[in-house]
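One structure is given here, and the rest of the page talks about it.
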Amino acid sequence: MNYHLILASNSPRRQELLKGLDWPFEVRVKAGIDETYPDDLPAEEVPLYLSKLKAKAYCAELQPEELLITADTIVVVGNRILGKPRNAADAKTMLALLSGRTHQVVTGVSLTTQHKQVAFKVVTDVTFKALSQTEINYYVDTYKPLDKAGAYGVQEWIGYIGVTALNGSYYNVMGLPVQRVYEELQHF
């Protein structure tokens with residue numbers, strides 16, 4: 001790796017996944033980045049748009065040897081975007097909406113240096129069994145998934161008991177499609 005990697009994310013899951021590539025990196029996070037997107041943007045394009053928007057906030061301070069990784073993950077069910085829940089009630093509503101259905105987890109990633117940007121998205125289909133209200137309540141009350149898109153972590157209890165099928169990258173569902181990140185960094 002010819003660059004000093006910078007991960008612009010507070011997410012412990014993204015940090016854990018990037019560590020798994022065995023490349024050293026630094027975490028650098030800016031507060032207050034505006035994450036609004038155009039209303040007419042197709043749902044699957046939102047995370048890519050937001051990953052580029054996040055990267056733009058860092059561009060002025062990037063050094064020549066630095067490569068910035070920004071990412072955004074959403075859950076899409078039907079045409080509805082599920083981001084992070086506002087509270088426990090919102091989380092329970094989201095899980096009820098996902099119950100017994102297939103949804104998409106979309107992560108947009110931008111790899112940015114002073115002179116180049118490569119951006120891509122990865123989509124994974126996830127199917128949940130029909131979840132009981134007791135299961136939903138237990139998960140939300142015990143695991144407090146308020147920092148997760150769609151109100152769930154596939155690597156937690158709800159994933160163990162609820163996910164019946166997954167088509168695509170498991171790590172994408174966790175928040176960072178590391179296999180694709182690795183491939184793109186190899187070609188950067």
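Basis for what follows: all heavy atoms, side chains included, without hydrogens, waters or symmetry-related copies.
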Checklist entry - Hey, what's the ring geometry for Trp157 with Tyr143, parallel, tilted or perpendicular (30° and 60° as the breaks)? => result parallel
Checklist entry - Is the closest basic N to carboxylate O distance between Lys52 and Glu45 below 4.0 Å? => result no
Item to check | Sub-4.5 Å side-chain heavy-atom contact between Ile6 and Leu67 | outcome: no
Item to check | Reported CD1-to-OG distance for the pair Ile161 and Ser132, which is rounded to 0.5 angstrom | outcome: 7.5 Å
Item to check | Worked check of side chain to side chain contact (heavy atoms under 4.5 Å, CB included) between Leu166 and Thr127 | outcome: CA-CA 6 Å; Leu166 193 142; Thr127 303; over 6 Å; no
Next on the checklist: Are Val126 and Leu131 connected into the same hydrophobic cluster when the rule is that any two of I, L, V, M, F, W, Y join if their side-chain heavy atoms are below 4.5 Å apart?
Outcome noted: yes
Item to check | Derivation and outcome, side chain to side chain contact (heavy atoms under 4.5 Å, CB included), residues Leu62 and Thr113 | outcome: CA-CA 7 Å; Leu62 274 180; Thr113 66; 5.5 Å; no
Item to check | Lys148 side, atom NZ; Arg13 side, atom CZ - distance, nearest 0.5 Å | outcome: 4.0 Å
Checklist entry - Considering only heavy atoms from C-beta outward, does the side chain of Asn2 approach that of Phe188 to under 4.5 Å? => result no
Checklist outcome for this item: Interatomic distance, OG1@Thr73 vs CG@Asn172, rounded to 0.5 Å, equals 6.0 Å
Checklist entry - Is the CZ atom of Arg80 crowded by more than 12 outside heavy atoms at less than 6.0 Å? => result no
Checklist entry - Could you give the distance from OG (Ser11) to CD (Glu16), rounded to the nearest 0.5 Å? => result 9.0 Å
Next on the checklist: Grouping I, L, V, M, F, W and Y whenever their side-chain heavy atoms are under 4.5 Å apart, do Val105 and Leu95 come out in a common cluster?
Outcome noted: yes
Item to check | Min side-chain heavy-atom separation Val181-Tyr171 under 4.5 Å | outcome: no
Item to check | Residue of the set Thr70, Val118, Leu50, Leu53 for which side chain to side chain contact (heavy atoms under 4.5 Å, CB included) holds with Ser110 | outcome: Thr70
Checklist entry - Any chance the side chains of Asp72 and Ser51 put a donor and an acceptor closer than 3.5 Å? => result no
Item to check | Ile74 CD1 to Ile81 CD1 distance, which is reported to the nearest 0.5 Å | outcome: 4.0 Å
Next on the checklist: Is the shortest side-chain heavy-atom distance between Leu7 and Arg14 below 4.5 Å?
Outcome noted: yes
Next on the checklist: With salt bridge (Lys or Arg N to Asp or Glu O under 4.0 Å) as the criterion, how do Lys144 and Glu156 come out once you've worked through the C-alpha distance, each side chain's angles and the decisive distance to 0.1 Å?
Outcome noted: CA-CA 11 Å; Lys144 315 251 185 282; Glu156 295 176 335; over 6 Å; no
Item to check | Check against salt bridge (Lys or Arg N to Asp or Glu O under 4.0 Å), Lys92 and Asp141 | outcome: CA-CA 9 Å; Lys92 291 174 184 180; Asp141 295 343; 3.2 Å; yes
Item to check | Test log, rule side chain to side chain donor-acceptor pair (under 3.5 Å), inputs Asp125 and Thr102 | outcome: CA-CA 7 Å; Asp125 292 327; Thr102 299; over 6 Å; no
Item to check | Residue pair Leu17, Met174: steps toward the side chain to side chain contact (heavy atoms under 4.5 Å, CB included) verdict | outcome: CA-CA 9 Å; Leu17 290 169; Met174 285 181 65; 3.8 Å; yes
Checklist entry - Does the side chain of Arg86 reach to within under 4.5 Å of the side chain of Thr93, using non-hydrogen atoms? => result no
Checklist entry - Do the ring planes of Tyr152 and His103 sit parallel (below 30°), tilted (30 to 60°) or perpendicular (above 60°)? => result perpendicular
Checklist entry - Looking at OH of Tyr139 and OH of Tyr160, how far apart are the two atoms once the value is rounded to the nearest 0.5 Å? => result 10.5 Å
Checklist entry - Does a side-chain heavy-atom distance below 4.5 Å link Val154 with Val163? => result yes
Next on the checklist: Any heavy-atom pair between the side chains of Val123 and Glu44 that's under 4.5 Å?
Outcome noted: yes
Checklist entry - Val77 versus Arg101: any side-chain heavy-atom pair under 4.5 Å? => result yes
Next on the checklist: If you count every heavy atom of other residues, nucleotides or ligands that lies below 6.0 Å from Lys19 atom NZ, does the total exceed 12?
Outcome noted: no
